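Working notes for the structure below.
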Amino acid sequence: MSPAGAVEERVQALLARMSLDQKIGQMTQPERLHVTPAEVKAYHIGSVLSGGGSCPADNRPSDWVAMNDAYWAASMEEDAGHLAIPILYGVDAVHGNANVRGATVFPHNIGLGAAGDPELLERAGRVTAREVLAAGVDWTFAPTLAVARDPRWGRTYESYSEDPGVVAGYAARIVRGLQGEGILACAKHWVGDGGTEAGVDQGDTVVDEEELRRVHMAPYSAAVEAGVPTVMASLSSWRGEKCHAHSYLIRDLLKGEMGFTGFVLSDWNGVDPLAAAYGEAAAMAVNAGIDMLMVPETWREVIAELKQQVKRGVVPIARIDDAVARILRVKFACGLFERPRPAARPASNGIGFGSREHRAVARDAVRKSLVLLKNEDGRLPLDKGARILVAGSAAHDRGRQCGGFTIEWQGVSGNAAIEGGTSMWEGIRAVAPQAVLWEGEGEISDARDFDVGVVIVGEQPYAEGLGDIRHPSPVRPGAHVSVAPGTLQPYGDTLEFAARHPEALRTIRELAARGIPVVTVLISGRPLVVNEELAASSAFVAAWLPGSEGAGVADVLFGHHPFNGRLPMSWPSEMPGVNGRVGTGGNGVLFPRGYGLRPD
Ligand code: GLC
């Protein structure tokens with residue numbers, strides 16, 4: 001019998017033994033803060049997750065292993081009322097296992113997109129997987145396969161590129177990297193999350209089916225072909241209809257036409273907005289093809305309501321059986337039934353966690369991600385013997401260089417929470433003995449003391465809708481652009497960096513006015529309007545969100561490694577209009593996708 005046949009036999013045999021309660025429990029995913037191991041057993045829960053920043057005890061790998069071991073043991077305690085089905089624990093290890101203290105934190109996807117190195121993606125995936133396994137975890141909600149089309153979107157940095165072909169080219173590599181080391185990947189968010197009007201997070205993607213297929217679905221074909229076992233539904237809408245209730249998108253296109261045989265997970269409370277009555281909302285999601293419900297706090301209600309919907313015939317038992325079979329098929333096929341308990345696994349508490357070898361891979365990614373946008377008079381590379389003044393709010397801030405989904409959902413500022421790794425200043429100091437860090441207190445000492453200034457500035461960390469750049473009223477008469485009530489408050493209302501962070505331009509101009517040529521390094525989750533900062537700088541580097549290994553920036557600034565990066569997205573010359581988006585027909589583009597200087 002083929003392995004698939006053997007798996008199928010096990011699936012059907014186990015399914016036949018399951019009660020309705022056990023089936024619905026298997027489809028339910030609470031968040032760790034709202035469910036105990038005892039409840040995992042009592043309600044036959046199939047999965048538990050950590051939301052961004054939801055970390056046990058002292059947030060060390062050993063704390064994660066202990067937590068997962070308790071959930072796993074409860075799920076496997078078979079008795080008359082409970083069947084042993086191993087729990088699946090899921091985390092957002094989206095750029096390394098960056099929730100956990102001391103982890104190797106990779107550049108966010110936009111930087112990996114700039115690197116243009118698919119093999120690097122596979123290496124990054126393997127390192128990430130090892131550091132997820134070290135925490136006793138089996139499943140990451142990655143890769144994000146969004147094709148970001150508007151930098152106003154707060155999740156632009158989670159996208160590899162505005163070009164679907166690039167994202168598709170990366171998809172298989174990152175899936176293979178993650179799964180090759182033994183964790184489950186999750187392609188997200190199905191579908192069109194990066195194409196919403198005006199970049200509004202969880203907004204409405206108003207494109208025809210041809211564009212939806214060509215741009216936003218394309219990367220998923222590669223991921224499905226590479227064997228991605230789970231897909232997460234998008235909180236956005238397509239032409240006014242929520243993806244979470246879209247049977248055509250999920251059942252017909254993803255599962256039917258694309259032949260996806262794994263299971264579809266809802267996103268965080270993605271059920272709630274579907275209908276006023278919770279039971280009706282849950283039924284809509286499940287009938288549309290969602291197999292597992294991410295219901296962090298309301299999991300008890302969902303179980304009760306879904307059971308009622310089945311008893312009333314609103315949700316056919318055949319749909320429940322299909323959903324559970326998909327979940328079991330993934331657990332069997334990925335060997336979860338054969339794995340020992342987390343505390344007994346060789347990879348748990350793995351010695352490679354945050355290791356030099358892992359950090360070397362991340363540092364290589366940083367080097368390859370940097371895009372040189374300007375280099376007047378061959379200012380770069382720098383002479384390591386030069387008298388260098390390093391300034392700027394992001395120069396010595398490991399948290400800021402990591403961005404969102406790091407330790408906390410919204411990321412952190414400062415250095416305390418990011419153990420291991422190097423800030424960009426620490427990387428420069430290690431190379432250039434005459435470099436001085438000026439943290440903006442008091443007057444800059446005499447300009448004659450310095451040959452060059454390196455000003456490192458950037459956005460504060462953010463995640464999801466809190467990173468949106470939203471016009472004060474993106475809603476306009478007759479528009480699809482809707483900002484749902486309660487949508488997270490945006491980061492700001494303009495892509496103009498000087499408007500949001502004027503202190504950066506002040507510093508650049510002050511140094512330049514004192515005759516100190518300035519190399520500006522920008523930390524950002526997206527392309528920004530930086531016309532004034534560019535004009536005042538001799539050289540300008542887009543560094544994206546490089547992660548924990550800031551020294552990789554110094555490797556390139558001093559010429560130990562060449563500039564390699566190319567823009568993964570169009571770089572705007574102006575704030576797009578509410579109707580338009582950067583790059584539409586080339587309007588408002590300062591540098592096209594693919595631009596990047598490579599001084600010989
Ligand atoms: C969030 C995000 C999703 C993430 C999930 C769990 O809302 O949309 O990308 O995986 O919740 O944290």
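The residues of the chain are indexed from 1 along the displayed sequence. Counting convention: from 1, in listed order, for ligands and their atoms alike. Quick caveat, the model's predicted, so the values are computed rather than measured.
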Show me a pair-per-line table, with atom names and distances to 0.1 Å, of protein N or O atoms that are under 3.5 Å from an N or O of ligand 1.
from, atom 1, to, atom 2, distance (Å)
ligand 1, 7 (O), Asp267, OD1, 3.4
ligand 1, 7 (O), Glu464, OE1, 3.3
ligand 1, 7 (O), Glu464, OE2, 3.4
ligand 1, 8 (O), Arg155, NH1, 2.8
ligand 1, 8 (O), Asp267, OD1, 3.3
ligand 1, 8 (O), Asp267, OD2, 2.5
ligand 1, 9 (O), Arg155, NH2, 2.8
ligand 1, 9 (O), Lys188, NZ, 2.9
ligand 1, 9 (O), His189, NE2, 2.7
ligand 1, 10 (O), Asp92, OD1, 2.6
ligand 1, 10 (O), Lys188, NZ, 3.1
ligand 1, 11 (O), Asp267, OD1, 3.2
ligand 1, 12 (O), Asp92, OD2, 2.5

Derivation of the salt bridge (Lys or Arg N to Asp or Glu O under 4.0 Å) call for Arg345 and Asp138:
CA-CA 11 Å; Arg345 294 174 191 169; Asp138 298 302; 3.0 Å; yes
Using 30° and 60° as the class boundaries, would you call the ring planes of His246 and Trp238 parallel, tilted or perpendicular?
tilted
Strictly below 4.0 Å, N to O, side chains only: are Asp291 and Arg329 in salt-bridge contact?
no
Set of side-chain hydrogen bond (donor to acceptor under 3.5 Å, both in side chains) partners for Arg593, sequence neighbours left out:
Asp163
Parallel, tilted or perpendicular for His108 and Tyr157, by the 30°/60° rule?
tilted
Salt bridge present between Glu419 and Arg60 (N-O < 4.0 angstrom)
yes
